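Residue numbers begin at 1 in each chain, while the letters A, B, ... track the order of the sequences. Remember, it's a predicted structure, so these values are computed and weren't measured experimentally.
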Protein chains: 2
Amino acid sequence: MKDLPGMPGTPGGLGLRLVQFVFAAVALAVMASTNDFPSVTSFCFLVAAAILQCLWSFSLAIVDIYALLVKRCLRNRRAVCLFAIGDGITAALTFSAACASSGITVLIDNDLDLCSENHCASFESATAMAFLSWFALSPSFLLNFWSMASG
Amino acid sequence: MKDLPGMPGTPGGLGLRLVQFVFAAVALAVMASTNDFPSVTSFCFLVAAAILQCLWSFSLAIVDIYALLVKRCLRNRRAVCLFAIGDGITAALTFSAACASSGITVLIDNDLDLCSENHCASFESATAMAFLSWFALSPSFLLNFWSMASG
């Protein structure tokens, strides 16, 4: 197994986890700051997915910090398998929630022109943050899946 | 490289491609049969993604049939890399279109109760077919990515 930057237990991997955590937390905060998000199912789903993403990225960031501090290698087969499955599930959830929310925001903004009555800016920025969190998650997933397959 | 069922050039792989093609074609036909889908951006995106999915799966099915007929092995590195990248792009597009459309259908059906004025049943079945097409595509993508990593 080669030691690629971005894998768990490397500084790059820790950076990716922190970026994921920050973007998911911002998406959660922005969406939860609007008072009418519970009226749309997709926005509730986005909040749920962002919470799960925050918890997952934060736990993995702590594992990475521990591995960096005690200089342990996290690249054993069982850990990589667990990380790849967890990353796959959270990536699918975050991406689907972001896509569903973007469908709604595009409907509100472009098709129906209802932006003056809604918190369009908040909805759109929360969706964008969820997409950015997914962009930071996908290299983690691909690297873990790659090292699971090649190991 | 091990010969897993479902990889390109095997009967399982051909079956997966045909299932993807049929579900994407049904999604396209059902969505295009409604007269008001162009008023929602997400539904237009679903139509575009279903067309791309149809073309991709159909071409790969023809390649699989050719490989089965002349008994050629498709598992060389460059072909598998090409298949994995194409599968990844079409899978991401189909999944995002299906998620965006499902966000809209859930909004229309559950949150706003506008189903009597819309073609809800058509929208929902087209979305479900797009999801089924993605379910058939994801094993193809994972197997190709796996054999790209392990080869």
Next on the checklist: Which one wins on heavy-atom pair count under 4.5 Å against chain A: Ala92(B), Ser101(B), Ser96(B)?
Outcome noted: Ser96(B)
Please verify the inter-ring angle class for [X] with [Y]; under 30° counts as parallel, over 60° as perpendicular, anything in between as tilted.
{"X": "His119(A)", "Y": "Phe123(A)", "result": "perpendicular"}
{"X": "Phe21(B)", "Y": "Phe58(B)", "result": "tilted"}
{"X": "Trp146(A)", "Y": "Phe145(B)", "result": "perpendicular"}

Checklist entry - Relative to chain B, which segment of Leu142(A) carries a heavy atom at a distance below 4.5 Å: side chain, backbone, both, or neither? => result both
Next on the checklist: Heavy atom to heavy atom, less than 4.5 Å: which residues from residues 36-53 of chain B reach chain A?
Outcome noted: Ser39(B), Val40(B), Thr41(B), Ser42(B)
Checklist entry - Is a donor on one side and an acceptor on the other found under 3.5 Å between the side chain of Ser57(B) and the backbone of Cys54(B)? => result no
Checklist entry - Centres of the Phe135(B) and Phe131(B) rings: under 6.0 Å? => result no
Next on the checklist: We want to know whether Glu124(A) and Ser102(A) form a side-chain donor-acceptor pair, criterion being a heavy-atom distance below 3.5 angstrom.
Outcome noted: no
Item to check | Full working for ring pair (Phe, Tyr, Trp, His ring centres under 6.0 Å) between Trp134(B) and Phe23(B) | outcome: CA-CA 9 Å; Trp134(B) 175 76; Phe23(B) 280 126; over 10 Å; no
